[in-house]
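Every chain is numbered from 1 and lettered A, B, ... according to where its sequence line falls, protein lines coming before strand lines.
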Amino acid sequence: MAPGPEPSYSHRPAFAPYGAKSTHQRTRPMHDIRAIRENPDRFDAALSRRGDAPVSAELLAMDEARRAKIQAAESAQAEANKAAKEVGAAKGRGDEDEFERLRKLVAEKKAEIARLNEEAKAEDAALTARLAEIPNLPADDVPDGDDEDDNVEINRWGTPREMNFAVEHFEIPAVKDAMDFETAAKMSGSRFVLMSGPVARLHRALAQFMLDIHTLENGLTEVNPPVLVRDEAMYGTDKLPKFGDDSYRTEEGMWLIPTSEVPLTYIAAGHVIDEDYLPRRYTAHSLCFRSEAGSAGRDTSGMLRQHQFEKVEMVSVTHPDESDAEQKRMLRCAEDILERLEIPYRTVVLCTGDMGFGARRTYDIEAWLPGQKAYREISSVSTTGDFQARRMNARFKPAEGGKPQFVHTLNGSGLAVGRCLIAVLENGQQDDGSVKIPAALQAYMGGRTMITADGTLA
RNA sequence: GGAGACGUGGCCGAGUGGUCGAAGGCGCUCCCCUGCUAAGGGAGUAGGCCCCUAAAGGGUCUCGAGGGUUCGAAUCCCUUCGUCUCCGCCA
């Protein structure tokens with residue numbers, strides 16, 4: 001897909017027909033307590049598949065306490081309301097004695113109601129906070145397992161090229177000078193890179209290429225979102241409260257997004273969307289920032305794991321019945337990019353123990369890196385079901401009528417640009433130290449076909 | 001940074017102490033009319049939570065959020081968050 005005259009780029013606005021809307025509301029639970037109440041064993045069984053201890057007994061006890069308090073508070077309120085109405089009537093009749101009596105009664109009730117309300121609120125908040133810490137439940141078809149060793153390969157594409165001369169991306173002669181980690185460290189520390197010349201351009205070309213495929217061929221709406229977001233957006237996409245340490249926070253209290261999944265998904269927050277406006281499909285190319293707090297010592301050389309990187313993200317907001325099919329569609333969109341770039345890959349479905357906090361099911365795509373002689377993650381495509389939607393109160397109005405229901409949200413990388421650059425460089429390296437540019441990318445590189453060993457485009 | 005305005009239901013938008021969960025419009029659903037590519041008429045249409053439940057029903061809360069005044073608040077006061085406008089500054 002060369003840049004140039006655009007074929008049908010049917011654009012639907014990202015937000016219409018629902019306008020911007022403030023969602024500053026209290027934290028909402030991620031799990032449906034009523035579902036837990038109805039089937040606590042099922043809830044615990046699902047959690048245990050993730051290796052987590054059962055919690056339903058604790059939750060139900062909290063829920064019971066909460067409901068008792070609510071009932072007490074509400075019936076007291078109902079009494080007071082009834083009396084308050086009679087106060088008005090007494091006043092109307094001119095019955096001063098009765099008026100005074102009732103007025104006093106209402107005033108006395110007031111303190112009791114306030115106390116009961118307080119207690120009910122506290123119970124409710126406690127339950128909500130507890131629920132917020134519990135991860136999503138795995139989908140039934142997700143394989144059981146403890147860690148990445150138990151992930152199941154479901155697809156493999158391409159054959160790694162024989163190359164006994166293969167080195168890692170930053171060691172390739174054509175790349176060496178253009179990927180400068182020392183200079184980056186001088187200004188920013190470790191896990192940063194300063195790219196220049198053809199490599200910087202190739203990196204940019206990759207992002208453009210991916211974005212063009214997704215918008216022109218896959219029907220996603222291009223979005224250029226903020227990369228600084230508020231607490232609510234991080235909560236809504238389950239990055240908070242548990243994973244604040246992994247992200248950067250400004251002195252003003254804004255968060256640097258760890259992925260544009262955050263702003264893209266949060267578009268739907270607080271809205272009731274018309275059913276026929278689903279699915280919503282977004283894509284964005286953005287910077288991402290991660291503190292990599294827990295990964296000291298891992299992938300320290302090269303640009304595989306950086307504090308700042310670029311990613312083309314895909315996000316879909318769907319009807320609950322459509323989300324499984326949508327996830328497969330997104331997976332294909334991501335795999336297709338690698339196929340066009342002629343990079344061998346394999347796709348795995350993550351086992352229960354390896355999935356992220358908010359995921360119901362996750363597919364990882366791992367690209368072949370000749371320099372490491374290993375498949376490494378380059379994309380992750382997850383469905384969260386209604387997990388995030390509950391959290392950010394994103395619903396749709398069923399076409400056939402009835403109450404609004406939660407939408408499903410999905411996200412996937414399509415792809416990580418920096419890691420994709422690594423894959424292109426390592427797979428394209430030649431025994432003379434040059435790098436071949438994949439045909440699909442050449443139009444984005446001024447028609448050039450390679451980076452020579454001395455680092456020039458040719 | 002200085003000054004001001006505003007924040008209402010799926011959407012838009014009235015409403016400045018009581019009869020308002022809330023006019024009107026749009027949208028949507030159902031019905032009627034119409035024989036033609038559209039229009040007209042009628043009715044209905046907020047959400048959360050709790051109880052009950054087969055269904056129905058009942059209670060409570062919600063007009064950004066929290067608190068206060070009052071017999072009574074969307075309407076008054078305070079705090080807070082957010083949005084917008086003007087000025088300043090600036091890419």
Side-chain angles (χ1 to χ4, degrees), chain A residues 13 15-38 60 62-128 131 226 228-233 235-236 252-254 266 268-278 280 317 386 389-407:
Chain A
F15 320 109
Y18 40 99
K21 175 163 237 182
S22 171
T23 58
H24 303 287
Q25 51 198 313
R26 259 190 249 107
T27 309
R28 300 174 51 84
M30 292 173 174
H31 289 286
D32 183 0
I33 186 65
R34 272 176 294 203
I36 299 171
R37 217 184 284 154
E38 275 165 30
L60 291 183
M62 294 176 83
D63 180 46
E64 209 155 305
R66 162 182 157 272
R67 286 190 292 157
K69 290 293 183 191
I70 288 174
Q71 274 187 63
E74 288 193 354
S75 60
Q77 187 63 254
E79 280 179 53
N81 286 351
K82 209 174 145 204
K85 255 179 213 166
E86 288 165 17
V87 172
K91 183 79 173 173
R93 288 199 304 274
D95 186 344
E96 284 301 322
D97 289 349
E98 181 68 355
F99 173 74
E100 277 307 321
R101 192 186 69 80
L102 287 167
R103 206 169 71 103
K104 235 177 129 188
L105 188 91
V106 172
E108 281 163 8
K109 275 267 171 200
K110 211 169 172 180
E112 186 197 345
I113 291 169
R115 180 179 56 82
L116 290 170
N117 261 328
E118 201 85 358
E119 290 173 6
K121 240 189 263 182
E123 296 284 356
D124 194 58
L127 177 62
T128 298
L131 283 170
L228 282 170
V229 300
R230 296 192 180 125
D231 288 344
E232 299 93 283
Y235 272 105
E252 293 78 13
M254 303 284 284
Y266 207 69
H271 285 301
V272 179
I273 304 166
D274 288 339
E275 181 178 335
D276 65 11
Y277 207 63
L278 299 174
R280 307 295 305 135
V317 179
D386 64 5
R390 283 179 181 282
R391 204 45 201 277
M392 63 176 77
N393 199 22
R395 296 173 295 175
F396 72 96
K397 188 118 187 156
E400 66 275 16
K403 299 269 185 188
Q405 297 175 34
F406 291 110
V407 295

Heavy atoms under 4.0 Å, any strand shown: does Arg390(A) hit a base, just sugar-phosphate, or nothing? nothing

Measure [atom1]/[X] against [atom2]/[N] and give the value in whole Å, please.
| X | N | atom1 | atom2 | result |
| --- | --- | --- | --- | --- |
| Asn117(A) | G67(B) | CG | P | 9 Å |
| Asp274(A) | C26(B) | CG | C1' | 12 Å |
| Asp276(A) | G27(B) | CG | P | 14 Å |
| Phe396(A) | C11(B) | CZ | P | 16 Å |
| Glu123(A) | C50(B) | CD | P | 14 Å |
| Glu275(A) | U45(B) | CD | C1' | 17 Å |
| Glu74(A) | C49(B) | CD | P | 12 Å |
| Lys403(A) | U45(B) | NZ | P | 12 Å |

Name all stems that contain residues of RNA chain B, defined as runs of 3 or more consecutive Watson-Crick or G-U wobble pairs, both distances under 3.5 Å. B:1-7 with B:81-87, B:10-12 with B:24-26, B:27-32 with B:40-45, B:46-51 with B:57-62, B:64-68 with B:76-80

For [N], does OP1 or OP2 lie under 4.0 Å from any side-chain N or O of [X]?
| X | N | result |
| --- | --- | --- |
| Lys121(A) | G67(B) | yes |
| Lys397(A) | U29(B) | no |
| Arg34(A) | C49(B) | yes |
| Arg66(A) | C50(B) | yes |
| Gln77(A) | C61(B) | yes |
| Arg230(A) | U83(B) | yes |
| Arg67(A) | C49(B) | no |

Identify the heavy atoms of [X] and [Y] that sit nearest to each other, and give their distance.
| X | Y | answer |
| --- | --- | --- |
| Glu123(A) | Ala65(A) | OE1-CB, 3.7 Å |
| Pro404(A) | Pro398(A) | CA-CD, 4.1 Å |
| Phe406(A) | Phe396(A) | O-CE2, 3.7 Å |

Apply the test side-chain contact (heavy atoms from CB on, under 4.5 Å) to residues Asp124(A) and Lys121(A): give CA-CA distance (whole Å), side-chain angles for both, the deciding distance (0.1 Å), then the verdict. CA-CA 5 Å; Asp124(A) 194 58; Lys121(A) 240 189 263 182; 5.6 Å; no

Should Arg37(A) and Arg34(A) be marked as a side-chain contact (heavy atoms from CB on, under 4.5 Å) after you check the CA-CA gap, both sets of side-chain angles, and the distance that decides it? CA-CA 5 Å; Arg37(A) 217 184 284 154; Arg34(A) 272 176 294 203; 3.5 Å; yes

Integer angstrom distance from the [atom1] of [N] to that of [M]:
| N | M | atom1 | answer |
| --- | --- | --- | --- |
| G66(B) | C28(B) | P | 34 Å |
| U75(B) | G21(B) | C1' | 15 Å |
| C61(B) | A22(B) | P | 15 Å |
| C78(B) | U70(B) | C1' | 16 Å |
| C30(B) | U16(B) | C1' | 38 Å |
| C11(B) | C63(B) | P | 16 Å |
| A73(B) | C50(B) | C1' | 25 Å |
| A43(B) | C20(B) | C1' | 22 Å |

Could you tell me whether Glu275(A) atom CD has more than 12 heavy atoms of other residues or ligands within 6.0 Å of it? yes

Indicate yes or no: at least one non-hydrogen side-chain atom of Leu116(A) is less than 4.5 angstrom from one of Gln77(A). no

Hey, what do you get for CZ (Arg390(A)) to CZ (Arg395(A)), rounding to the nearest 0.5 Å? 11.0 Å

Test side-chain contact (heavy atoms from CB on, under 4.5 Å) applied to Asp386(A) and Asp32(A), step by step: CA-CA 10 Å; Asp386(A) 64 5; Asp32(A) 183 0; over 6 Å; no

Judged by each residue's nearest nucleotide on RNA chain B, which is more toward the 5′ side, Arg37(A) or Glu118(A)? Arg37(A)

Given RNA chain B, 5'-ward residue of the pair Arg395(A) and Ser75(A), judged by closest heavy atom: Arg395(A)

